[in-house]
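The model shown is predicted, which means the values in this text are computed figures rather than measured ones.
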Amino acid sequence: GDEFCAIYIDTPTEQVKAEIANLRRVFGNSKADAGIRNIADRPFSISIGYVTALRGEDISETAVRADTMMMEEKRKYYQINGIDRRRVSR
């Protein structure tokens, strides 16, 4: 799927959390459904990862930490909903 990155500068963590909560309200009611909705008769879901940059941390390190959080949320979504995303090679 598509992945997007938003960078907030000098933004309180609580404001970022509030905006994420708003996204969850718009696209889904819980982390379990992670935003399943239909747009143009096609289902989609969202997974969100966010972190606060550590002092002296390179932006790429910050991005990796946020991506790790998003991937963990995605993994939990698949587990909770009984979806096996692994591909079998033949």
Side-chain angles (χ1 to χ4, degrees):
D2 294 330
E3 294 184 10
F4 302 93
C5 175
I7 298 174
Y8 291 79
I9 298 172
D10 293 329
T11 306
T13 302
E14 291 307 314
Q15 181 180 340
V16 174
K17 287 181 180 180
E19 291 183 22
I20 290 170
N22 186 52
L23 285 171
R24 291 195 192 286
R25 275 190 297 278
V26 170
F27 294 111
N29 294 323
S30 71
K31 287 185 179 181
D33 70 16
I36 290 188
R37 290 290 183 266
N38 286 312
I39 290 184
D41 296 323
R42 295 186 56 127
F44 75 95
S45 65
I46 62 170
S47 295
I48 299 171
Y50 68 95
V51 296
T52 300
L54 303 173
R55 185 176 306 279
E57 182 178 47
D58 184 79
I59 188 70
S60 63
E61 295 169 322
T62 306
V64 166
R65 291 190 307 112
D67 191 56
T68 299
M69 182 182 188
M70 180 202 60
M71 295 304 289
E72 177 61 17
E73 184 171 294
K74 189 179 286 193
R75 185 195 65 76
K76 287 179 184 176
Y77 163 79
Y78 291 135
Q79 182 180 31
I80 289 168
N81 291 284
I83 299 170
D84 187 355
R85 298 285 294 186
R86 294 175 294 181
R87 300 197 190 274
V88 178
S89 305
R90 295 193 190 254

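In the hydrophobic clustering of ILVMFWY residues, with side-chain heavy atoms under 4.5 Å counting as a link, Met70 and Val16 come out apart. A continuous path of Ile, Leu, Val, Met, Phe, Trp and Tyr side chains, each step under 4.5 Å between heavy atoms, connects Tyr50 with Leu23, placing both in one hydrophobic cluster. There is a path of hydrophobic side-chain contacts, each under 4.5 Å, that joins Tyr8 to Ile20.
With respect to Lys76 and Glu73, no salt bridge is recorded, no charged nitrogen being found less than 4.0 Å from a carboxylate O.
Ile59 contributes atom CD1, which lies 8.0 Å from atom CD of Glu57 (distance to the nearest 0.5 angstrom). In this structure, CD1 on Ile80 lies 9.0 Å from CZ on Arg75, to the nearest 0.5 angstrom.
Under the 3.5 Å distance criterion, the side-chain polar atoms of Glu61 are matched with a main-chain donor or acceptor of Asp58. No donor-acceptor pair under 3.5 Å is formed between the side chain of Thr62 and the backbone N or O of Ser60. At least one donor-acceptor pair closer than 3.5 Å links the side chain of Asn81 to the backbone N or O of Tyr77.
The side-chain hydrogen bond (donor to acceptor under 3.5 Å, both in side chains) check on Thr13 picks up Thr52, with sequence neighbours excluded.
Nearest heavy-atom pair across Ile48 and Ile46 is CD1-CD1, 4.1 Å.
Applying the salt bridge (charged side-chain N to carboxylate O under 4.0 Å, His left out) rule to pairs touching residues 7-23 yields Glu14-Lys17, sequence neighbours excluded.
The 12-atom threshold is not exceeded at CD1 of Ile7, counting heavy atoms of other residues, nucleotides or ligands nearer than 6.0 Å.
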